[in-house]
Amino acid sequence: MFGRSKAQRDEEFSRFVAEARDSLAGTAWLLTGDREQAADLVQAALVKTYAAWPRVRGGEASGYARRALVNENIDRWRKARPELLVAEVDDPAVADQTEQVDRRDELVRALADLPVQQRTVVVLRYFDDLSERQVAEQLGISVGAVKSAASRGLARLRAGHPEGALS
């Protein structure tokens, strides 16, 4: 019976990973600006999610995984505070679309210039399309702090780039 239960748990978690991996990877890439670091963040978040699976499966799994990903990124910054290296965009689907690659690169560089909390709020709010309340819950901060970080982050992004450069 225990083997069957573990097999069912693994199958359910595998389905979750198949559905959530791309979204988590996109968020991680925007937070780090580096594909390898993003992959590491996603892996660490999925490991934590798997360990907590009996508690978070179902509707809470995506939120738990995203929060684990954000927390891993914050921990990475607290431990090392390394220089952010912006990876080249090497997505074969857009290899011939130079303008799109340039815009993505510009966006990642602009996000990298933001303080960690502002970057995290901007990514979760505007790229992951979470509400202010959801971002606040994910980060364990007030809705007012989310609004402030988003406002300041967007203002810095706009101030550092010509009109329309990041649209």
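Numbers for residues simply follow the sequence, beginning at 1.
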Asker: Flag the pair Asp128 and Arg66 as a salt bridge only when some basic side-chain nitrogen lies within less than 4.0 angstrom of an acidic carboxylate oxygen.
Answerer: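 Yes, this pair counts.
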Asker: Find the distance between OG1 (Thr120) and CD (Gln138) and round it off to the nearest 0.5 Å.
Answerer: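 If I round to the nearest 0.5 Å, the distance is 11.0 Å.
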Asker: As a test of understanding, state which of Val17, Val47, Leu69 forms a side chain to side chain contact (heavy atoms under 4.5 Å, CB included) with Val42.
Answerer: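 The passing option is Leu69.
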Asker: Does the side chain of Arg119 come within less than 4.5 Å of Asp113's, by heavy atoms?
Answerer: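 No, side chains not in contact.
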Asker: Can you name the nearest heavy-atom pair linking Ala149 to Val121, along with the distance?
Answerer: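 So the minimum-distance heavy-atom pair works out to CB-CG2, 3.8 Å.
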Asker: One pair to check against side chain to side chain contact (heavy atoms under 4.5 Å, CB included): Leu107 and Leu30. What are the steps and the verdict?
Answerer: CA-CA 9 Å; Leu107 174 62; Leu30 288 169; 4.2 Å; yes
Asker: For the residue pair Arg156 and Pro115, what are the closest heavy atoms and their distance?
Answerer: NH1-CD, 3.0 Å
Asker: Once you round to the nearest 0.5 Å, how far does OH of Tyr50 lie from CZ of Arg9?
Answerer: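 Going from OH on Tyr50 over to CZ on Arg9, the span is 4.5 Å.
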Asker: Locate the shortest heavy-atom distance separating Ala65 from Ala45; write the atom from each residue and the value.
Answerer: O-CB, 3.6 Å
Asker: Closer than 4.0 angstrom, basic N to acidic O: yes or no for Lys6 and Asp10?
Answerer: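 Salt bridge between Lys6 and Asp10, a charged N being under 4.0 Å from a carboxylate O: yes.
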Asker: Is any side-chain heavy atom of Ser62 closer than 4.5 Å to a side-chain heavy atom of Glu19?
Answerer: no
Asker: For the atom pair CG (Asp40) and CG (Asn73), what is the distance rounded to the nearest 0.5 Å?
Answerer: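 Here the interatomic distance stands at 11.5 Å.
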Asker: Between Ala38 and Ala25, which heavy-atom pair has the shortest distance, and what is it?
Answerer: CB-O, 4.4 Å
Asker: Between atom CG of Asp129 and atom CD of Gln134, what is the distance when rounded to the nearest 0.5 Å?
Answerer: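 Separation between the atoms: 8.5 Å.
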Asker: In terms of the angle between their ring planes, are Phe16 and Trp53 parallel, tilted or perpendicular, with boundaries placed at 30° and 60°?
Answerer: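 Because their plane-to-plane angle lies in the 30° to 60° range, the rings of Phe16 and Trp53 count as tilted.
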Asker: How far apart are the closest heavy atoms of Ala110 and Leu157, and which atoms are they?
Answerer: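 In this case the closest contact between Ala110 and Leu157 is CB-CD2, 3.5 Å.
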Asker: Ion pair present between Arg67 and Glu137, side-chain N to carboxylate O less than 4.0 angstrom?
Answerer: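 No, this pair does not count.
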Asker: Looking only at non-hydrogen atoms, find the nearest pair between Leu46 and Phe13 and report the distance.
Answerer: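 Nearest heavy atoms, Leu46 then Phe13: O-CZ, 3.4 Å.
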Asker: Do Lys147 and Ser151 make a side-chain contact, defined as non-hydrogen atoms from C-beta onward lying under 4.5 Å apart?
Answerer: no
Asker: What's the verdict on salt bridge (Lys or Arg N to Asp or Glu O under 4.0 Å) for Glu11 and Arg15, showing C-alpha distance, side-chain angles and the deciding distance?
Answerer: CA-CA 6 Å; Glu11 183 179 322; Arg15 282 193 305 269; 3.0 Å; yes
Asker: Distance from Glu132 atom CD to Arg125 atom CZ, nearest 0.5 Å?
Answerer: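 It is 4.5 Å, given to the nearest 0.5 Å.
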Asker: Show your reasoning for whether side chain to side chain contact (heavy atoms under 4.5 Å, CB included) applies to Glu60 and Arg55.
Answerer: CA-CA 9 Å; Glu60 297 177 28; Arg55 293 187 326 249; over 6 Å; no
Asker: Show the numbers, then the answer: is there a side chain to side chain contact (heavy atoms under 4.5 Å, CB included) between Leu154 and Gln118?
Answerer: CA-CA 9 Å; Leu154 290 175; Gln118 287 177 12; over 6 Å; no
Asker: For a 4.5 angstrom cut-off between non-hydrogen side-chain atoms, does Leu41 reach Leu24?
Answerer: no
Asker: Establish, from distance only, whether the side-chain atoms of Trp29 and Gln37 form a donor-acceptor pair under 3.5 Å.
Answerer: no
Asker: Any chance you could measure Asn71, atom CG, to Leu139, atom CG, to the nearest 0.5 Å?
Answerer: 8.0 Å
